[in-house]
Amino acid sequence: MVTIQNYVRVKNLEEAYTLNQKKGSMILGGMLWTKMQDRTIQTAIDLCELGLDRIDENADAFFIGAMVSLREIELHEGLYAYTQGAVRDALKDIVGVQFRNLATVGGSIWGRFGFSDVLTMFLAMDTYVELFQGGIIPLQEFAEKKPDRDVLVRLIVKKTPGVYAYASVRNQRTDFPVLACAAANVSGTYRISVGARPGKAICITDEEGFLTDGITEERAKQFAKWVETKIPTAGNHRGSAAYRTRLTGALCYRLTKKIGEEQA
Ligand SMILES: Cc1cc2nc3c(=O)[nH]c(=O)nc-3n(C[C@H](O)[C@H](O)[C@H](O)COP(=O)(O)OP(=O)(O)OC[C@H]3O[C@@H](n4cnc5c(N)ncnc54)[C@H](O)[C@@H]3O)c2cc1C
């Protein structure tokens, strides 16, 4: 059970950051992960009055506030069109609609959870994280950093021309993924992001140029085999390392073919 001693609805980000420097303080997202823990929070910091529950877009980027729910992202027409439905595919199996109405993108990205469909998908895109103190940094760099006491303000997804596809394997439809995979061609560079390995998602690019001359059956197979060798996996009660490596190749192959069809 979580016990909260003080609850503060902050008036600005500076107040949130200052309060969060104290040991025992905690920023609240949707609290769905936090409420599973057994702990006392001295000061719970609620960002709900800061207008961070909005997705804005201009010609160059989407700006997704930290308090935007996963459901809002799933239903956002602009993100749907930009990713050819891949973002919706990534989020639709996370527990259920009521859950996704509460879970926030801020909590999901901040947590850097190994099983995260959210991190896996956004890593495949040209995504940046805006931190109150740390400024704007690539999501890849943020994912590799150890959690500190900064405040995640928003995600910025650049509208770099891209083609995307997403798939996960789950033992049961709403369970955590056994493996999650996002494929992309972002501005001519092919990327594969693999999460639930079960470690945190890793994104690699086609540095050997398997797909440089276009996607064919044979090249998709070769690329998938190469990706299998590049992505470390491990075993847990959901699946063995060997099974996850096979899934990595299978999903990579299927998603690469899907991208090829989309491009054709
Ligand atoms: C039972 C269960 C099943 C799940 N299944 C999946 C799944 O299959 N796939 C998947 O991708 N995810 C899954 N999740 C994770 C879920 O989607 C959310 O990512 C998770 O609940 C965190 O989001 P939240 O809004 O609840 O964050 P919270 O629990 O409120 O916060 C999580 C952490 O982030 C910090 N935080 C929150 N917002 C900020 C901010 N703006 N700045 C700095 N720190 C912040 C909090 O202090 C806390 O440390 C699951 C979670 C649960 C509980």
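All residue numbers refer to positions in the sequence shown, counting from 1. These figures come from a predicted structure and were not determined experimentally. Numbering of ligands and ligand atoms starts at 1, following listing order.
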Is it true that Arg173 and Asp93 make a salt bridge, defined as a side-chain N closer than 4.0 Å to a carboxylate O?
-> yes

Less than 4.0 Å between a side-chain N and a carboxylate O, is that true for Lys225 and Glu228?
-> yes

Protein heavy atom at shortest distance from [atom]:
atom	result
atom 1 (C) of ligand 1	Met36 CE, 4.3 Å
atom 19 (O) of ligand 1	Ser108 OG, 2.7 Å
atom 27 (O) of ligand 1	Gly107 CA, 3.4 Å
atom 47 (O) of ligand 1	Ile27 O, 2.6 Å
atom 53 (C) of ligand 1	Leu32 O, 3.5 Å
atom 48 (C) of ligand 1	Met26 CE, 3.5 Å
atom 24 (P) of ligand 1	Gly30 N, 3.5 Å
atom 31 (O) of ligand 1	Thr34 OG1, 3.5 Å

For the residue pair Pro177 and Arg170, what are the closest heavy atoms and their distance?
-> CD-NH2, 3.6 Å

Where do Ala224 and Cys252 come nearest, in terms of heavy atoms and distance?
-> CA-SG, 3.7 Å

If you measure from each heavy atom of [X] to ligand 1, is any distance below 4.0 Å?
X	answer
Arg170	yes
Leu52	no
Asp175	yes

Share the residues that join Leu52 in a hydrophobic cluster, the rule being Ile, Leu, Val, Met, Phe, Trp or Tyr side chains under 4.5 Å apart at the heavy-atom level.
->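 Members besides Leu52, by chain and number: Val8, Val10, Leu13, Tyr17, Leu19, Ile27, Ile45, Leu47, Leu50, Met67, Phe132, Val151, Val153.
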
Does a donor on one side chain and an acceptor on the other come within less than 3.5 Å for Asp117 and Tyr166?
-> yes

How does [X] reach ligand 1, by side chain, by backbone, by both or by neither, if only non-hydrogen atoms under 4.0 Å count?
X	result
Leu70	side chain
Met121	neither
Ala66	side chain
Leu47	side chain

Candidate with minimal heavy-atom separation from [atom], of [options]:
atom	options	value
atom 13 (C) of ligand 1	Trp33, Phe132, Phe115	Phe115
atom 34 (O) of ligand 1	Tyr17, Phe176, Trp110, Phe99	Trp110
atom 41 (N) of ligand 1	Asp117, Ile41, Leu152	Leu152

Would you say Arg219's side chain and Asp213's backbone share a donor-acceptor pair under 3.5 angstrom?
-> yes

May I ask you to decide if Gly162's main-chain N or O and Gln84's side chain share a donor-acceptor pair within less than 3.5 Å?
->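 Yes: the side chain of Gln84 pairs with the backbone of Gly162.
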
Cation over ring face, Lys159 and Phe62, 6.0 Å, 45° | yes

As an exercise, identify every atom of ligand 1 less than 4.0 angstrom from a heavy atom of [X].
X	result
Ala103	25 (O)
Gly106	38 (N)
Ser116	11 (O)
Pro177	8 (O)
Asp150	43 (C)
Val95	3 (C), 4 (C), 5 (N)
Val118	11 (O)

Side chain proximity check, [X] to [Y], heavy atoms < 4.5 angstrom:
X	Y	answer
Thr3	Ile41	no
Phe63	Ile55	no
Thr104	Ser69	no

Is it the case that more than 12 heavy atoms not belonging to Arg238 sit under 6.0 Å from its CZ atom?
->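 Check passes, neighbour count above 12.
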
Between Met31 and ligand 1, is there a nitrogen or oxygen pair with a distance under 3.5 Å?
-> yes

Consider every N or O of Thr104 and every N or O of ligand 1, then say whether any pair is closer than 3.5 Å.
->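 Such a contact does occur with ligand 1.
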
Going hydrophobic residue to hydrophobic residue with side-chain gaps under 4.5 angstrom, can you get from Leu91 over to Leu102?
-> yes

Scan Tyr190, Trp226, Tyr253 and name whichever one has a ring pair (Phe, Tyr, Trp, His ring centres under 6.0 Å) with Phe210.
-> Trp226

Which pairs count as ring-ring contact (aromatic ring centres under 6.0 Å, His included) when at least one residue sits in residues 33-57, sequence neighbours excluded?
-> Trp33-Phe113, Trp33-Phe115

